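Following: one structure in structure tokens, then a few remarks.
A note on names: the letters A, B, ... follow the listed sequences, proteins ahead of strands, and every chain is numbered from 1. Everything quoted here is computed from the prediction, not taken from an experiment.
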There are 2 protein chains.
Amino acid sequence: MAYRSTERVKARLSASRERIIVAALGIMAEHGYAGCSVAAVAERAGVATGSVYRHFPTKADLFAEVFRTASQREVDAVARAAALETSAAEQMAAVVETFSGRALQSPRLAYALLAEPVDPAVDAERLVFRRAYAELIAGYVAAGVASGELPPQDPELTATALVGALAEAMVGPLAAGVAGPETIPALIAFIHRALGVSP
Amino acid sequence: MAYRSTERVKARLSASRERIIVAALGIMAEHGYAGCSVAAVAERAGVATGSVYRHFPTKADLFAEVFRTASQREVDAVARAAALETSAAEQMAAVVETFSGRALQSPRLAYALLAEPVDPAVDAERLVFRRAYAELIAGYVAAGVASGELPPQDPELTATALVGALAEAMVGPLAAGVAGPETIPALIAFIHRALGVSP
DNA sequence: GCAAGGATTGAACCATCATTCAATCCTTGG
DNA sequence: CCAAGGATTGAATGATGGTTCAATCCTTGC
């Protein structure tokens, strides 16, 4: 027994794995999911095609993880921004501003995460992403209802519908490349009405 | 010149074409877009694989037309139901009821039309579908704003966001197979709030 | 330095379908 | 009935791109 994987090797392995994920994310942000062949990801990561399969059993598994990582980052950013606010109305305004601001900052990535046609197995990960947003929003809605700031409603349904509204309202601007400056305030107004925020 | 296509032949051709579209729709409704190989469509239509290409230059063109046909049917049904109502509030309630009712009636088809991963060229057709709904709704919203039933708002944005909300709220139930009986009334309540319908 | 065995390579492999096309069948006008 | 030529067939073709694997390289402990 002359070889057993040691810390140094393990570190290199996990660095490779990380580079592959970062490379995949980078290509997604630049060329969308469509540009993400395994060969392209491998080349950008500086490894051979076959090495990708040391770390991920299939391409779908790799991209499930990529989606998970990227999505988590988005949800975290939105949650962080919303947590600075106190009322449900302000929290939701922060959600919209952060979500749209980040999406417009990286439109290609946002489009890939939200709407680009992808492998069905990866698409499933999108549901998780959207549900994470919905959970976040549902929390704010429930608190708002409990405190009397918002009228009685099913927080889950409201949150799900709002996620859909937000995503749909962004797809147009993302395709166009920019959103008119009035889009985001108008969207916030819409969402405030939908929540039943009293004017 | 001993052969020139005659009426009878033209009729047979267009019947074939129609059968192909119907077959494609049927398979979509039963097995989703994923089950729609050209060979499967051809077999169901009772023609050879190659004959499909007498009528459509590519598979994407075939399915663009299939999506267009199916979508138009949906939009028409919704428009017909909404046209029976007079206030924006009632019109939107009719939109939601018709849309969700039909979706839950043919969940597989609804999922394919709304959210299933498809060829990018076909996906583009979905945008048209969603925009058609948005236009329809925008008309009702604009009328409601003009009559003073609804508060001032950008009808296009409201309509787009509502389409997103509606679609998103249906994806869960479509995946689960059924919607709880309270889902639709709750969705109507949400949409009424979002429109600013006074209670 | 060396043998053991894991890590890495990248060209070959292969599965999946969309698409094509040579052969065949049918329809038409004479 | 015939010849012309379009319609139809379905097996072969081909493109794509994920996946594999024999060969090679590296690392480890002695």
Considering only side-chain heavy atoms of [X], which listed nucleotide, [options], is closest?
X: V38(A); options: dT19(D), dT9(D), dA7(D); value: dT19(D)
X: Y53(A); options: dG10(C), dT20(D), dA7(D); value: dT20(D)
X: R12(B); options: dG18(D), dA11(C), dT8(D); value: dT8(D)
X: S37(B); options: dT19(D), dT19(C), dA18(C); value: dA18(C)
X: L13(B); options: dT9(D), dT8(D), dA11(D); value: dT8(D)
X: V47(A); options: dT19(C), dT19(D), dT9(C); value: dT9(C)

Can you tell me how far [atom2] of [N] sits from [atom1] of [X], to the nearest Å?
X: D119(A); N: dG18(D); atom1: CG; atom2: P; result: 9 Å
X: R17(A); N: dT8(C); atom1: CZ; atom2: P; result: 13 Å
X: H55(B); N: dT8(D); atom1: NE2; atom2: C1'; result: 10 Å
X: F56(B); N: dC17(C); atom1: CZ; atom2: C1'; result: 19 Å
X: K10(B); N: dT27(C); atom1: NZ; atom2: C1'; result: 14 Å
X: K59(A); N: dC14(C); atom1: NZ; atom2: C1'; result: 17 Å
X: E43(A); N: dG10(C); atom1: CD; atom2: C1'; result: 12 Å
X: R54(A); N: dG10(C); atom1: CZ; atom2: P; result: 15 Å

Side-chain touch [X]/[Y], heavy atoms, less than 4.5 angstrom:
X: E74(B); Y: F99(B); value: no
X: S16(B); Y: R54(B); value: no
X: K59(A); Y: D119(A); value: no

Q. Hey, does the side chain of S51(A) come within less than 4.0 Å of dT9(C)'s phosphate (OP1/OP2), counting only N and O?
A. yes
(Q) Does R131(A) have more than 12 heavy atoms from other residues, nucleotides or ligands lying within 6.0 Å of its CZ? (A) no
Q. Would you say L187(B) and L114(B) are hydrophobically clustered, going by side-chain heavy atoms of ILVMFWY under 4.5 Å?
A. yes
